[in-house]
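By convention here, the first residue in the shown sequence is residue 1.
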Amino acid sequence: LVKNIYEVQSSNKIKTIVITVFFLVFSFFSIYILGTAFGYYAGYETGGLGYVGIALIFSGISTFISYYYSDRIVLTISGARPANSKEDKLFTSVVDNLCIGAGIPRPKLYIIQDSAPNAFATGRDPNHAVVCATTGLLEKLNRTELEGVMAHELSHVKNYDIRLMSIVSVMVGLIALLGDWFLRTTIHGRSRDSDNKAGAIILILGLIFAILSPIIAQLIQLSISRRREFMADATGVALTRQPQGLISALSKISADHEPLEAANKATAHLYIVSPFKAHNPERSRRVDWFSSMFNTHPPMPERIAALQKMA
């Protein structure tokens with residue numbers, strides 16, 4: 001069932017608020033537990049309000065950074081350059097035409113110098129969005145296929161997926177950083193309060209939380225990412241009215257086994273197709289239920305099958 005674009009936008013705005021609040025609470029709780037555990041481990045004890053204050057400060061700062069600066073961070077990591085309307089005429093003209101049809105401002109356009117075909121969108125809303133494509137994508141796709149990919153990315157913009165995923169990414173990164181910091185500290189040191197039973201319990205709780213909270217947070221992020229890809233495929237086709245263009249583009253991109261060097265685990269979920277290519281493509285198709293939970297994108301056969309139903 002494909003919802004109309006207004007229902008999708010409204011739904012995503014609500015989800016953005018819910019996810020933001022959830023990760024604020026989750027990161028706050030993570031910092032509180034890990035901070036309390038570290039206090040017992042190091043042999044000192046800060047009052048409960050002290051940890052509450054620290055947790056609020058860190059979770060608030062991380063949310064602010066994720067909301068306002070995620071696009072700049074991603075572009076810097078990816079080594080992208082601004083697109084030029086003269087040198088990159090096909091890219092800019094395709095996006096211009098689609099933006100008119102979608103009724104959104106043209107996002108800032110960037111290009112990554114890499115022969116692996118791929119693209120992503122980022123930013124915080126349609127007025128502060130970025131769409132980035134690799135040189136490989138622009139060289140290997142025809143105009144119809146490029147329109148399909150760009151419509152997919154602009155759907156992420158119009159549906160407010162870019163805001164949702166930017167916030168989730170930074171919050172997950174913060175939780176992972178805190179968990180890693182606590183584990184490294186406890187592994188390379190010795191507790192100064194080991195005779196305190198309450199301290200031992202808090203320390204054990206901190207270790208459990210340090211291990212499990214980053215995993216739980218990442219699973220939530222990946223689940224959201226996969227769902228967003230299905231929705232962007234559908235709304236992108238609704239924009240171009242040409243399912244075959246996106247089907248052909250996805251087939252080409254997934255069949256190209258060259259890895260995208262500019263991508264990393266922090267940015268992989270942004271791309272239209274996972275930038276990490278399996279060494280054994282045949283084996284990668286046989287993914288069981290458990291391992292599929294850790295994928296940033298839905299299986300390509302499922303995406304293409306869903307699009308074929310719209311053709």
Heavy-atom nearest pair, Pro105 first then Cys99, reads O-SG, 3.9 Å
Hits for side-chain contact (heavy atoms from CB on, under 4.5 Å) against Ser85, two or more places apart or cross-chain, chain-then-number order -> Thr92
- Yes or no on side-chain contact (heavy atoms from CB on, under 4.5 Å) for Leu307 and Leu250, after CA distance, side-chain angles and deciding distance? CA-CA 10 Å; Leu307 288 169; Leu250 292 176; 3.6 Å; yes
Those residues at least two apart in sequence (or on a different chain) that pass side-chain hydrogen bond (donor to acceptor under 3.5 Å, both in side chains) with Arg72 are none
Looking only at heavy atoms, the pair that brings Phe120 and Leu270 closest together is CB-O, 3.3 Å
Contacts satisfying salt bridge (charged side-chain N to carboxylate O under 4.0 Å, His left out) that involve residues 74-83 (not counting sequence neighbours) are Arg81-Asp88
Applied to residues 105-117, the salt bridge (charged side-chain N to carboxylate O under 4.0 Å, His left out) test, sequence neighbours excluded, yields Asp96-Arg106
side-chain hydrogen bond (donor to acceptor under 3.5 Å, both in side chains) filter on Ser248, not counting sequence neighbours, yields Glu145
Taken in chain and number order and not counting sequence neighbours, the residues that satisfy ring-ring contact (aromatic ring centres under 6.0 Å, His included) with Tyr110 are none
With sequence neighbours left out, the residues meeting salt bridge (charged side-chain N to carboxylate O under 4.0 Å, His left out) with Glu153 are none
#### Entry: Minimum side-chain heavy-atom gap Val149-Asn118 below 4.5 Å
no
**Request:** Check whether any side-chain heavy atom of Pro107 lies under 4.5 Å from a side-chain heavy atom of Val95, and answer yes or no.
**Result:** yes
Report task. Report yes if the side chains of Leu239 and Leu98 come closer than 4.5 Å at any heavy-atom pair, otherwise no. Result -> yes
>> If you define the side chain from C-beta out and look only at heavy atoms, does anything of Asp256 sit under 4.5 Å from Lys140?
In response: yes
Less than 4.5 Å apart, any side-chain heavy atom of Thr135 and any of Ile112? no
Quick one: does Thr240's side chain have a donor or acceptor within less than 3.5 Å of a partner on Gln242's backbone? yes
Here the ring-ring contact (aromatic ring centres under 6.0 Å, His included) pairs for residues 211-233, sequence neighbours left out, are none
side-chain hydrogen bond (donor to acceptor under 3.5 Å, both in side chains) filter on Ser115, not counting sequence neighbours, yields Glu258
The reported gap from CZ in Phe276 to NE2 in His297 (rounded to nearest 0.5 angstrom) is 10.0 Å
Residue set satisfying ring-ring contact (aromatic ring centres under 6.0 Å, His included) with Phe91, at least two apart, ordered chain then number -> none
Exercise. With a 4.5 Å limit on heavy-atom distance, are the side chains of Ile111 and Thr134 in contact?
Worked result: no
ring-ring contact (aromatic ring centres under 6.0 Å, His included) pairs touching residues 134-159, sequence neighbours excluded, are His152-His156
Here the pair of heavy atoms bringing Leu90 nearest to Ser93 is O-OG, 3.1 Å
Expected list for residues 298-306: side-chain donor-acceptor pairs under 3.5 angstrom, two or more places apart:
from, atom 1, to, atom 2, distance (Å)
Arg303, NE, Asp233, OD2, 2.9
Arg303, NH1, Ile272, O, 2.7
Arg303, NH2, Asp233, OD1, 3.0
Arg303, NH2, Asp233, OD2, 3.4
Arg303, NH2, Ile272, O, 3.3

